[in-house]
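Everything below concerns the one structure shown next.
Atoms within a ligand are numbered from 1 in the order they appear, just like the ligands themselves. In what follows, every heavy atom counts, from backbone to side chain, and hydrogens, waters and symmetry copies are set aside. Counting begins at 1 with the first residue of the sequence. Computed from a predicted structure; not experimentally measured.
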Amino acid sequence: MKVNLPEPMKKAIPVLQVLEEAGHTAVFVGGAVRDTILGIQLSDVDIAASSLPEETSALFEHVIPTGIAHGTVTVIYHGESYEITTFRKEAGYEDFRRPESVTYVTDLYEDLKRRDFTMNAMALYKDGILEDPFDGIAHLNKQLLAAAGNAEERFSEDALRMLRGIRFLSVYTLQPQVSVWRAIRRYRKLMCHIAMERVCSELDKLIMAANPMRALQWLEASCLLQYLKEPLPLPATSYALAHLEDLATANIRWLAFCLFHQFNEKQLLSWCKSLRYSNSQTLLFRSIAALHNELRDMQIANSITQEQWVALVLKYGKNSACTWLKINSVLCRNGMNFLSEEATNSFKKKLSEILVFNVKDLRMNGNDLQKKYGRAAGAWIKSVLERLLLMTACGQLANEKEILLAAADLLLDERL
Ligand code: ATP
Ligand code: MG
């Protein structure tokens, strides 16, 4: 079969040419070929070649030895970067995960054989000729996810393939072949051998599927998350949650998932820790969850005033407040609406009107206060500045030095 190469592959043809002219075989492989067949925009162009990593490196000027132990080098060519991986076979899988060492081979078929699913085990030559030894195209036409080879063997070699499979089912709207589903049910316990970093990166790709709700449904049906190396707090009810596609990043989608399932602080931390979130990711999760919980508790006690909302915005920051509003709109549409749409809209409007978020944004500082009142520095300065900030953020004061200092008079009078 001959295929029309998409633009990013055409751009990479000279790279294949260099390798071929040196006597090697070089082809496009992996997700790039799959997405070309499906007519989807390519995320990256992966190349496989019969040349050894050092032979590949010697042929190009700009080379980064990204994963040289596994046979991968990154070549920078005309401003684009291409991962070129030596044909290899992965033998001697230990502990149901990817082997530490690989064996290089010169036969393309051997390389395709080690790949996970039939649609990922195709290769394209630079003239558009397709190699499809495991019937990837036929499976894609039938919207079936099929393993390259025996599903049970392939999943017990590397259990992460099961989670990749769940991702592919949702991203490409496929059904699993009976043997694939049976193998997942049989081998899901092997997930405990997979490093949590690899799990996290798959989960992020999975939740970024065009239909994240379907991804969650497949994930739940597979029970894979119940068998991880480190436990995740999992919802007692159905995982499913609609409209996550309205949220821009994987992180924020997962946070909406955690809030919808009412994870407490301990569960939230365990989620972040098990999935190896960075400190800044964890901080953002905690900050937005704390804002969410404060709002919920306040609303239960009494309806929230605009001033209370502004105070929370100042406490948790503009970014957390903006993100929470977006998450809240998704939660509302899933029936979790502790705030009316009207209140949410007025909060959104108020947030857009806030001009100062930090005492540093005030056109006056602690020195001005000290000078005016002739008093030693102390906690009073912080407390006055914070009150002035809140009043300014609420729109009760203009951010002008004279006005702020006059308002400070009143605040200090109040305190006497
Ligand atoms: P995408 O890049 O869209 O996330 P992809 O299929 O290209 O999807 P990569 O992780 O980039 O995924 O892997 C490139 C190719 O390497 C895959 O298409 C597949 O052929 C092979 N591959 C990746 N991970 C595995 C694995 N765990 N077992 C077997 N083959 C794999
Ligand atoms: Mg890829």
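Checked by atom type, the side-chain pair R214/T173 shows a donor-acceptor distance below 3.5 Å. Counted by atom type alone, E294 and Y316 present one or more donor-acceptor pairs between their side chains at under 3.5 Å. Between N399 and R363, the side chains place no donor N or O within less than 3.5 Å of an acceptor N or O (distance only, hydrogens not considered).
Within the set R161, M119, R34, the minimum heavy-atom distance to atom 8 (O) of ligand 1 is found for R34. Remark: among candidates L163, D46, N120, the nearest residue to atom 14 (C) of ligand 1 is D46, based on non-hydrogen atoms. Distances from atom 24 (N) of ligand 1 to the heavy atoms of R154, M122, R164 show the closest one on R164.
Two residues are said to be in side-chain contact when any heavy atoms from C-beta on lie closer than 4.5 Å; T85 and I47 fail this criterion. Side-chain contact between F28 and L5 is present, with heavy atoms from C-beta onward closer than 4.5 Å.
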**Q.** Steps toward salt bridge (Lys or Arg N to Asp or Glu O under 4.0 Å) verdict (K11, E7)
**A.** CA-CA 6 Å; K11 225 178 147 184; E7 231 15 78; over 6 Å; no

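At a heavy-atom distance under 4.0 Å, only side-chain atoms of K205, from C-beta outward, approach ligand 1.
For ligand 1, the polar-atom distance check finds no N/O of D35 at less than 3.5 Å from any of the ligand's N/O atoms. Considering both main-chain and side-chain atoms, A32 never comes within under 3.5 Å of ligand 1 through any nitrogen or oxygen pair.
For atom 27 (N) of ligand 1, the closest heavy atom belonging to the protein is D158 OD2, 2.9 Å. The nearest heavy-atom contact from the protein to atom 4 (O) of ligand 1 is R167 NH1, 3.0 Å. Among all protein heavy atoms, the one lying closest to atom 16 (O) of ligand 1 is R115 NH1, 3.4 Å. Of the protein's heavy atoms, D116 OD1, 3.6 Å lies nearest to atom 19 (C) of ligand 1.
Residue contact check: R114 has heavy atoms under 4.0 Å from atoms 29 (C), 30 (N) of ligand 1.
Note: Y239 and W218 fail the aromatic proximity criterion, with ring centroids not under 6.0 Å apart. You'll find the ring centres of F338 and H292 inside the 6.0 Å limit.
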